[in-house]
Every structure is written in C-alpha cells, then in structure tokens.
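These numbers come from the heavy atoms of this one structure, side chains and all, not from hydrogens, waters or symmetry mates. Convention: sequence-line order gives letters A, B, ...; per-chain numbering from 1.
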Amino acid sequence: MQQTSHAPASSPIRLTLPDGSVRTFDTPVTGLDLATSIGAGLAKAAIAVKLDGEMRDLLRPIEKDAKVEIITRKSAEALDLIRHDTAHILAEAVQELFPGTQVTIGPNIENGFYYDFARDVPFSTDDFSAIEAKMREIIARDVPLVREVWDRNEAIKFFESKGEKYKAELIRDLPETETITVYSQGAWKDLCRGPHMPSTGKIGTSFKLLKLAGAYWRGDSKNAMLQRIYGTAWRDDKELQTHLTQIEEAEKRDHRKIGKELDLFHFQDEAAGSVFWHPKGWTMYRALEAYIRRRVEKAGYVEVNSPQLYDSSLFKASGHWDLYGDNMFKIAIKEADKPQEARMFGIKPMNCPGHVQIFKQGIKSYRDLPLRLAEFGMCHRNEAHGALHGLMRVRQFVQDDAHIFCTEDQIQSESLQFCELLRSVYADLGFEVARVRLADRPERRTGSDEIWDKSEAALHSALKAANLAYDINTADGAFYGPKLEFYLRDAIGREWQCGTLQVDFNTADRLGGTYVGEDGQKRPPVMLHRAILGTFHRFLGIFIEHCAGKFPLWLTPVQAVICTITNDADGYAAEAYDTLTAAGLRVQVDTRPEKINAKIRDHSLQKIPLILVVGQKEAEGKSVAIRRLGGETQEIMGLAEAATRLAQEALPPDLR
RNA sequence: GCCGAUUUAGCUCAGGGGUAGAGCAACCGCCUUGUAAGCGGUAGGUCGUCAGUUCAAAUCUGACAAUCGGCACCA
C-alpha cells in the first residue's frame, strides 16, 4: 500500500495512521510534528513512534512514506522504553556518584532492566538509595535525550579518551555497515542503538533498584567479571507497587521455605546439593512417582533399572567422559592385590548408556520396535557450587526418564504419542503446556543433512498432529539430533521448561546397539530421550511453588487430621482413624489437650486439606465435622460415608 | 567455577571487643475446651569451621565450608 522507496526531501511524505487515515507533510517531518498535527495532548504524551513496526525516536526525521503509530506511556511498547531509558539514567547516576566507573551495556529485560559496570570497588546495596536519589535528580533536570550519528573512529577515540574501553570494544566489534549512534543526555553520552524518549523528564520515577550481581563481560566466563545492578521500572507507582508485591508473593512461595515449614525435606552442608527427604516430602515424591509409573506403563513403556556405577570405558564409548567428565563423579578403585593399578569408575549422570546395554541383550528385530524403556534411576552430576539451588538444581536426582528405541519411520508417531502423554500428564497435575520449542540443527553436529531433515520434519509433523503451537529455537538442538522443549506455566505466570524429547541417531550406534531390519540388515535404532516432568526433584520444587504448599488431595502428604474437642473423644477419634486409614487415606490424629481453635490454626498453617473435628456429638452420632482448608463452613457427615467419599476424592487423577 | 552478601537456640530474628537475647516451637504443670494462637513455669546456644590479632574474640582479620542473589554451566 504505502511507498517504501526513498522520497526526495522536497516531495511530500505520506504517513498512514493506525486508523487508516493518511497525513501528508511537505518538509522533513518528525514523529512529534505528526503528533502535534493530531493534537496538543497527544504531542505532550508522545514518547516515541513506531515506523513500519520499528520503534524510533520521536524527534528523528521521518524520511519516507510509512505506517506510523504514536507511542505514549499507555502503549504496550512503552514499558521497554521506560526500562531502557531508566537503565541509561542509572548509568549516568552511577558515573556521577562514582567517577572512574566504566559503563558497558544496560538493556531492558522482563519486568525491568540492568546495567553492567566495571569498577574496582564493589557496589553495595547500601549505595542504592544514593543512586536512586541521583537518578531522580537527573530525571528532574528534564534534559533532552539526543540521538547523534557518529563516525566510527571518532566514536572509538571518544570513548577511549574517557577510559571507556568496554564501549570502545563494542564499537570495534560492530559490523562496518552499522550506523554508530550515541545518545547524549545533557553532558553525558552513551553508545546506544536507541530509541529513547525525547527527554529524561518523560521517563518517570516509578523505578526501584533491586539487586546486585556479578556478570561476565559479554556473558563469557573467560572475560572480566562486571558488577550488574538490576532494577525494575513501570509506568506509574501503582504498577511498581503491584510488581513489588508480586515479588513478595513469589518469595512466600519459595519451595525451600515451604519445604522447611511443612517439614518436607532439608539440605545440609555434608551433602550439598542432595536432598534429605523427610517422611512427608517422600510421601509426595512416592505418590508422584507411582502416578508417572502408572501413566507410562499404560502408554506402553516397560520399566527397567540399570546400575549406578560403571567402568569409565562405557562413558568413554558413549562420549560423556570427554564431553562432561568434569561434571561427573569419578571414583578410582584399587584392588587389594594390585595397589598400583586403579580402575576408574563413574557414577552415572544419566540412564541412556545403561538402557543401550539392556537393548543390546539378545538380537533385536524391527518387530521388537518401538521398545520403550523407562527408568526412575538415580543420577549424579557434580554441578558447580554456584549452580545449586534448592530442589531446582541438585547433584543427585531422578528423572521420569525413558528411551524409546525405534526406527526412523517411527519417530513421528512416537513423538506424537509422547506429546499427547505429556499434555495429559500436565493437565492431571494442573498445568497447561505454555510453550513448545523445536530446537533444530546446531552448527556442530553429527549425522547427515538427510537424517536431520527427516528428524526435524518428523518433529514438525508430530507437533502439528498434536495441534501444539510451537516456535523454533534456532540451532539449539543437541549435537546428535533435534529436540522439543516443553514449558509449563505456573500459578504466578512463570514458565518452566520441564518436558523434553530428543531425537538421537548417534548414541545407540556408538555403543553398538543394532536391530535387524525387514531387509535382514543390521542397523542402529533411533533413540528418543524423553522426560515429562524432567527431574522429580525440580518438578516438585516447581510444584510446591505453584501450589504455594496447598497441594491437591492425592499428592498431599497428610490428607486429613482428626481433631478432638476434648479427650473424651479420643476413643472415637481412634475409631475414625482406623476407618479412614482402611479406606486408603493418609490421616493423623490430634488429641492434644488444646482448644479446637489452636488445633485448627496449627493444621491450617500446615496446609492440611481436611480437618475432621470430632467431639461428643460426633462420637454419639458416628459422624465427623469436615472443615476444608481455607473454608469457613463445616460439613457433618457419617463416618462411613466420609471415608468412602473422601477416599474417592483422594484418588489420583488417572484412577478416578 | 566467578562476583557480592549472609551464617547467633528447633524456627524467625535482634544484639555486638569484657563471655548471649526475644517471639514462636519443645518440655512440665494447670485448663477438657465446638472451628485460625488458653494460662503459668522449665530447659535449650564452643554465635558455620579453622587459624590470627588482643589481657580478653560471638564481635576485628584471614582461610575454608555452606547458604542466598546473579553470572557462567546444565548430557
């Protein structure tokens, strides 16, 4: 519709607004001119323009016909601008307060921004209030943010003369064709692609600095460690406050905190990165594992169990010893009679090599495929100290792991079946599939393009058949094959990658696994590595935070507590306990000589879903008064009926 | 592994160069109670570990460990 060719400066420029109306301007025109022509209010509110979908400075001349949208603080795009601009304000404030600090990069990110600085002296969070005050001061100055196009060499010289070696390096590494733009806000200048708002006063002061962290220059651990300051910024104080409240809410859900409060598990120094599961936590773990076991068995998998400890030769053959040896737990074992010779062993970091050994036993024919081997095997990986994080990142873990040995032709149908199983499991657990990504061939890979074409195509069509929307994670597949990454969304909107399916036409071959095809030829099977939850440990961490400790009845460790009003009811409470336990429920009895209020409070804080109160009335009528977690009403029910109904309610979703 | 912070009673936390505190929990006693904390009492700590400085270290210094926030890593 609109012209995209460059128009001479003298010819009129036609700008199309979102409503379809067209405005024509004679001279070079800016977004602000356009906004002014529409209305004074809009001109005042305008902070940027969107030109054919590209965000641009409000005061940058528009050279050609285009679709134009005026961006105000209310626009969806405004938050990124506010955050990026606030990052610049942070940088100027830091340099004003701490001369000699070098600036590097400072992008907007989800919910905020950060800026990385190079400075010998560490920042302290105690500096935050001074920095924030300086930021407010700069914003109050309301100086214009001006875009300047600089000569490359001049820009390098300029930043080097100011001792900004990181900025100079950035410019040097920009492609020769790239226009070098520098934004000045008052006397302060920063290399930046932009766009920015017209002046600092427009940025607003609804920001807050949140945390300090180290970060490698250019994300590479070989480079210098910079100091990163994270902050959040919003349109107004109300939005800011909402976000800060959300952070607090997320902290309350922290699985490490809830794990302690609900007595689910603990960690201790002597076994960093490994979980001590307490009776309640282990009850949940086992209920979840039993559920997954039933689901995969119904889906045609067979469960196996493979060793923990292998001679290093197996991992050398599989390739893991070389690639991941540093992250494996290795053990040198000396025989008593040969003290000179130590044999190296490795504790398995994954189950696949073991599964190939099981596959290799006996001769397999194409008629045996697909063979789906599932294992809940304990794996160990020596994760770096700094990587450990509660249940989310541990050194000892169990995956809901399985390897499907199949033919190339079966990749698609097996992938489709897996997608359906995964979706059904997530639904049972109260999650939706938030996102699916297909990670395709990386630069460094093995296998012919033909096989990659086939594998990727199989995954594409499996996803289409499963009716799952997905995007491409370009060149991020494993070196041995493409993979699917499944994300779920939790109750407070966070996405977690849990499920995965990886096509592998490499490992079985490396370890000598073959099957006899229809043509009588031996060939290696394709292996599909797949997990739905990922690891039980991490998944339970996510699940605890998702539920904020209020677990569904079938997974919760203690489903009901029977509370006596007075000790006169102790005998009946024991009878009720026997009845409910016989019905399969996980029940406790509270006969402490406490007031019922105290008992209700204690068990409510423990997030027990069902509190069954029994006193004289219930004992006489053989009933229970049921109070549900968070509820205010009571339901009086006969004991036998309660046992039946609650046991039904407590059934895992696949058994209802 | 890297940067920064933190580590005091079972838990949450205060304190701080002269030898340790609160609330809750625990234990004991009283109360026998009807839907989110009844009352009183008792006990509980080499102040993460190991060194150093000091007449004296939980407090100051250093090393180490773990944890927290990130970064890097994540088969």
Side-chain angles (χ1 to χ4, degrees), chain A residues 114 116-119 121-126 210-230 251 254 256-257 260-261 263 266-273 315 318-328 348-353 379 381-390 392-395 397 399 401 478-480 483 497 500 502 504 506-507 529 534-535 538 563-570 591-606 611-618 625-634 636:
Chain A
Y114 66 78
D116 286 349
F117 299 98
R119 179 183 178 229
V121 184
F123 291 113
S124 152
T125 46
D126 296 340
L210 294 177
K211 53 196 177 192
L212 268 174
Y216 294 109
W217 167 237
R218 298 197 146 174
D220 189 332
S221 59
K222 291 195 277 294
N223 291 340
M225 177 66 63
L226 306 172
Q227 297 189 62
R228 177 172 295 179
I229 297 179
Y230 281 97
E251 278 167 9
D254 189 310
R256 294 163 298 193
K257 185 170 177 288
K260 202 179 274 179
E261 286 167 357
D263 194 17
H266 86 272
F267 292 91
Q268 65 185 52
D269 294 3
E270 294 85 345
F315 295 121
S318 72
H320 292 107
W321 197 264
D322 288 338
L323 261 158
Y324 298 106
D326 289 347
N327 290 318
M328 280 177 65
K348 69 174 173 186
M350 80 273 288
N351 299 309
C352 25
C379 295
R381 294 180 186 177
N382 192 10
E383 304 286 3
H385 289 88
L388 301 179
H389 181 96
M392 304 299 193
R393 192 79 180 269
V394 288
R395 291 196 174 126
F397 59 88
Q399 295 165 288
D401 196 16
F479 71 91
Y480 48 70
K483 62 181 177 185
Q497 196 233 306
T500 182
Q502 303 171 8
D504 175 3
N506 186 49
T507 302
H529 308 242
T535 77
R538 179 163 173 274
C563 295
T564 52
I565 300 283
T566 71
N567 291 112
D568 294 340
D570 287 3
T591 56
R592 291 175 302 161
E594 290 286 353
K595 282 200 193 306
I596 193 65
N597 287 319
K599 295 187 185 183
I600 299 279
R601 178 181 151 83
D602 289 346
H603 302 304
S604 297
L605 288 174
Q606 282 292 302
I611 296 175
L612 309 184
V613 176
V614 295
Q616 195 187 350
K617 278 185 291 188
E618 288 77 14
I626 303 171
R627 177 196 165 104
R628 287 175 190 270
L629 179 59
E632 311 229 316
T633 55
Q634 305 161 43
I636 313 286

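- No more than 12 heavy atoms of other residues, nucleotides or ligands sit less than 6.0 Å from atom CG of A:Asp326.
- One interatomic measurement links the two molecules: CG of A:Asp602 to C1' of B:rA26, which rounds to 13 Å at whole-angstrom precision.
- B:rC50: Watson-Crick or G-U partner is B:rG62, with both key distances under 3.5 Å.
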Inset, instruction - Show your reasoning for whether side-chain hydrogen bond (donor to acceptor under 3.5 Å, both in side chains) applies to A:Asp570 and A:Asn567. - result: CA-CA 5 Å; A:Asp570 287 3; A:Asn567 291 112; 3.0 Å; yes
Inset, instruction - Spell out protein contact along nucleotides 65-75 of chain B as letters: B when the base is contacted, S when just the sugar-phosphate is, - when no protein heavy atom is under 4.0 Å; keep the 5' to 3' order. - result: -SSSBBBBBBB
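- Taking atom P in both B:rU12 and B:rG38, the straight-line distance is 23 Å, to the nearest Å.
- Pairing partner, B:rG69: B:rC3, with both Watson-Crick or wobble hydrogen-bond distances short of 3.5 Å.
- Nucleotides B:rC28 and B:rG15 have their C1' atoms positioned 30 Å apart, rounded to a whole Å.
- Nucleotide B:rG21 is matched to B:rC13 when pairs are restricted to Watson-Crick or G-U wobble geometry with both distances under 3.5 angstrom.
- Distance noted for atom P between B:rA57 and B:rU61: 16 Å (whole Å).
- B:rG45 is unpaired under the Watson-Crick or G-U wobble criterion, no partner having all donor-acceptor distances under 3.5 Å.
- With salt bridges taken as basic N to acidic carboxylate O contacts below 4.0 Å, none links A:Arg218 and A:Asp220.
- Pairing for B:rA56 is absent, judged as Watson-Crick or G-U wobble with the two contacts each under 3.5 Å.
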Inset, instruction - Scan nucleotides 9-15 of chain B nucleotide by nucleotide, 5' to 3', and note B when protein non-hydrogen atoms come under 4.0 Å of the base, S if they reach only the sugar-phosphate, - if neither. - result: --SS---
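- Mapping A:Asp568 and A:Gln227 onto RNA chain B by nearest heavy atom places A:Gln227 at the nucleotide closer to the 5' end.
- Shown are A:Lys599, A:Arg592, A:Glu594; of these, the side-chain contact (heavy atoms from CB on, under 4.5 Å) with A:Cys563 is made only by A:Lys599.
- Taking the P atoms as reference points, B:rG44 lies 43 Å from B:rC3, given to the whole Å.
- On the C1' atoms, B:rA9 is 32 Å away from B:rG70, given to the nearest whole Å.
- Atoms CG (A:Asn567) and P (B:rG34) sit 14 Å apart, rounded to a whole Å.
- Comparing the P positions of B:rA5 and B:rA63 gives an interatomic distance of 12 Å, to the nearest angstrom.
- One P atom belongs to B:rG40, the other to B:rC60, and the distance between them is 38 Å to the nearest Å.
- We find the NZ-CD1 distance between A:Lys617 and A:Ile636 to be 6.5 Å, quoted to the nearest 0.5 Å.
- When heavy atoms are screened at a 4.0 angstrom cut-off, A:Leu226 is found touching no nucleic acid atom at all.
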Could you list, one pair per line, each protein nitrogen or oxygen that sits under 3.5 Å from a nitrogen or oxygen of nucleotides 38-41 of chain B, together with the distance?
none

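- Contacts of A:Glu618 with the nucleic acid, taken as non-hydrogen atoms under 4.0 Å apart, include base atoms.
- Note: NZ (A:Lys599) to P (B:rA36) measures 14 Å, nearest angstrom.
- The distance from the CE atom of A:Met350 to the NE2 atom of A:His320 is 3.0 Å, given to the nearest 0.5 Å.
- Using the Watson-Crick or G-U wobble rule with both distances under 3.5 Å, B:rA37 pairs with nothing in any strand shown.
- Remark: A:Glu632 CD is loosely packed, at most 12 non-hydrogen atoms of other residues, nucleotides or ligands lying under 6.0 Å away.
- Here the straight-line distance linking atom NE2 of A:His529 with atom OG1 of A:Thr507 works out to 4.5 Å at 0.5 Å rounding.
- Annotation: B:rC13 and B:rU7 have their P atoms spaced 10 Å apart (nearest Å).
- Following rounding to the nearest Å, A:Arg627 (CZ) and B:rU35 (P) show an atom-to-atom distance of 9 Å.
- If you take OG1 on A:Thr125 and CG on A:Leu210, they are separated by 11.5 Å, rounding to the nearest 0.5 Å.
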Inset, instruction - Please report the C-alpha distance between A:Gln502 and A:Tyr480 in whole Å, then the side-chain angles of each, then the deciding distance to 0.1 Å, and finally whether the side chain to side chain contact (heavy atoms under 4.5 Å, CB included) criterion is met. - result: CA-CA 9 Å; A:Gln502 303 171 8; A:Tyr480 48 70; 2.5 Å; yes
Legend entry - Stepwise side chain to side chain contact (heavy atoms under 4.5 Å, CB included) check, A:His603 with A:Leu629: CA-CA 9 Å; A:His603 302 304; A:Leu629 179 59; over 6 Å; no
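- Ring planes of A:Trp321 and A:Phe315: parallel class, angle under 30° (limits at 30 and 60°).
- B:rA37 atom C1' lies 13 Å from atom NE2 of A:His603, rounded to whole Å.
- Atom CD in A:Gln634 sits about 7 Å away from atom P in B:rU35, given to the nearest Å.
- Taking atom CD of A:Glu261 as the reference point, atom P of B:rA25 lies 15 Å away to the nearest angstrom.
- When both pairing distances are held under 3.5 Å, B:rC31 makes no Watson-Crick or G-U pair with any nucleotide shown.
- The line from CD1 of A:Ile611 to CD1 of A:Ile626 is 12.0 Å long, rounded to the nearest 0.5 Å.
- For the atom pair CG (A:Leu612) and CZ (A:Arg628), the distance works out to 9.5 Å, reported to the nearest 0.5 Å.
- Rounded to whole angstrom, the span from the CZ atom of A:Arg628 across to the P atom of B:rA36 amounts to 17 Å.
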